[in-house]
Amino acid sequence: LRFVMDNRPAFREKNPEASNLELIKKLAGAWKELPASQKQVYEEARKTDWKRYGEQMAAYKAQLTPAQAAALKEERRKQLAKRRSIRAKRELNLLGKPKRARTGFNIFLSENFQESEGISAVAKLKKLFDTWQKLSPSQKQPYLQLAQDDKVRYENEIKSWEAKMIELGREDLVRSKKQKLKKKPAETAKKAETAKASSGGNKAKLKKSEE
């Protein structure tokens, strides 16, 4: 990154018509061709910056109260979770995962959003939701039918996609695998509760027989 920032102006001057993407590709190519001795200069600068950052962060954390430190830790956790979620969505898009089936309201919303009254997107959404709630069953039926058709489309596409993921060794992306992982803790708790209830009933029977 330091190499890019240092050399971007010169590359831009030499390639004024190049797009940002083309410019980055040129810089990446130049970095690959750079001798190891010259790359080392940038690596040493990175290490120095990282060390300085570590010292500054340690000093900053040292002055925080326990409550502030906990809040900072929680904020960091949320940021990491958000990044993981974004990366996961980006990966699924690259792998061509089919779009989820739309609901009747989603279809109604997409057809009427542009023409809907409202200053902001939130106002339009609220207006359309109120309108949807007031529609009669017969008025909703065309949208619900389209939603049903879209559900069939999604099920067919997702089955084909999951079969492809299994071939690629990505069973972790298949719904049944994910659902089993989610259900295990719940099933374990349910079994424990059943066993506890059964144990309690047996104890009651034993006590009664002793009497």
**Fill in**
Applied to residues 63-84, the ring-ring contact (aromatic ring centres under 6.0 Å, His included) test, sequence neighbours excluded, yields none
Contact between [X] and [Y] at the side-chain level, heavy atoms closer than 4.5 Å - yes or no?
X	Y	answer
Trp161	Asn156	no
Asp6	Tyr42	yes
Arg46	Leu1	no
Thr103	Asn106	yes
Arg100	Tyr154	yes

**Item:** salt bridge (charged side-chain N to carboxylate O under 4.0 Å, His left out) assessment of Lys164 paired with Glu157
**Value:** CA-CA 11 Å; Lys164 184 179 178 181; Glu157 289 183 359; over 6 Å; no
**Message:** Under the salt bridge (Lys or Arg N to Asp or Glu O under 4.0 Å) definition, can you give me all pairs with a residue in residues 127-136, not counting sequence neighbours?
**Reply:**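 Applying salt bridge (Lys or Arg N to Asp or Glu O under 4.0 Å) to every pair that reaches into residues 127-136, excluding sequence neighbours, yields Lys126-Asp130.
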**Item:** CE (Met5) with more than 12 external heavy atoms under 6.0 Å
**Value:** no
List the atom pairs, donor and acceptor, that lie under 3.5 Å between side-chain atoms in residues 59-67 and the rest of the protein, sequence neighbours left out.
{"residue": "Thr65", "atom": "OG1", "partner": "Gln68", "partner atom": "N", "Å": "3.2"}
{"residue": "Thr65", "atom": "OG1", "partner": "Gln68", "partner atom": "OE1", "Å": "3.4"}

**Minimum heavy-atom distance Leu144-Gly104, with the two atoms named** =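 Smallest interatomic distance, heavy atoms only, reads CD2-CA, 4.2 Å.
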**Request:** Identify the two heavy atoms, one from Phe108 and one from Leu128, that lie closest to each other, and give their separation to 0.1 Å.
**Result:**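 In this case the closest contact between Phe108 and Leu128 is CE2-O, 3.5 Å.
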Report whether [X] and [Y] are members of the same hydrophobic cluster (ILVMFWY, side-chain heavy atoms less than 4.5 Å apart, transitive linking).
X	Y	value
Leu92	Leu168	yes
Val152	Ile158	no
Ile86	Leu95	no

**Request:** Among Arg52, Lys51, Lys47, find the one that has a side-chain hydrogen bond (donor to acceptor under 3.5 Å, both in side chains) with Asp49.
**Result:**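 Checked Arg52, Lys51, Lys47 against Asp49; only one passes side-chain hydrogen bond (donor to acceptor under 3.5 Å, both in side chains): Arg52.
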When rounded to the nearest 0.5 angstrom, what distance separates [atom1] in [X] from [atom2] in [Y]?
X	Y	atom1	atom2	result
Leu173	Ile166	CG	CD1	10.5 Å
Ile107	Gln145	CD1	CD	10.0 Å
Arg83	Arg90	CZ	CZ	11.5 Å
Asp149	Lys151	CG	NZ	12.0 Å
Gln141	Leu135	CD	CG	12.5 Å

**Request:** Could you walk me through whether Glu91 and Arg170 pass the salt bridge (charged side-chain N to carboxylate O under 4.0 Å, His left out) test, one step at a time?
**Result:** CA-CA 12 Å; Glu91 181 187 24; Arg170 293 301 307 271; 2.7 Å; yes
**Test side-chain contact (heavy atoms from CB on, under 4.5 Å) applied to Arg77 and Lys73, step by step** = CA-CA 6 Å; Arg77 185 194 66 77; Lys73 186 176 181 180; 5.9 Å; no
**Asked** Counting distance only, does the side-chain N/O of Asp150 pair as donor-acceptor with the main-chain N or O of Ala147 below 3.5 Å?
**Response**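 Not a single qualifying donor-acceptor pair exists.
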**Message:** When you measure from the side chain of Arg12 to the backbone of Ala18, do you find a donor-acceptor pair of N or O atoms at a distance under 3.5 Å?
**Reply:**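 Checking the backbone N and O of Ala18 against the side chain of Arg12, a donor-acceptor pair under 3.5 Å is found.
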**Message:** Tyr143 vs Phe105, test: side-chain contact (heavy atoms from CB on, under 4.5 Å). Steps then yes/no.
**Reply:** CA-CA 7 Å; Tyr143 299 103; Phe105 174 66; over 6 Å; no
**Message:** I'd like to check the ring-ring contact (aromatic ring centres under 6.0 Å, His included) partners of Phe113; sequence neighbours left out, ordered by chain and number.
**Reply:**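 Result, ring-ring contact (aromatic ring centres under 6.0 Å, His included) vs Phe113: none returned.
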**Message:** Please tell me whether Arg8 and Asn20 have a donor and an acceptor in their side chains that are separated by less than 3.5 angstrom.
**Reply:**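 Indeed, the side chains of Arg8 and Asn20 share at least one donor-acceptor pair under 3.5 Å.
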**Prompt:** Does a donor on one side chain and an acceptor on the other come within less than 3.5 Å for Gln139 and Ser136?
**Reply:** yes
Exercise answer: donor-acceptor pairs, residues 21-38 side-chain atoms, under 3.5 Å, sequence neighbours excluded:
{"residue": "Glu22", "atom": "OE1", "partner": "Ser19", "partner atom": "N", "Å": "2.9"}

**Prompt:** Are the ring centres of Phe129 and Trp132 closer than 6.0 Å?
**Reply:** no
**Verdict with reasoning, Glu162 to Lys159, per salt bridge (charged side-chain N to carboxylate O under 4.0 Å, His left out)** = CA-CA 5 Å; Glu162 288 180 337; Lys159 284 177 183 177; over 6 Å; no
**Sequence-distant partners of Glu17, salt bridge (charged side-chain N to carboxylate O under 4.0 Å, His left out), two or more places apart** =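 Result, salt bridge (charged side-chain N to carboxylate O under 4.0 Å, His left out) vs Glu17: none returned.
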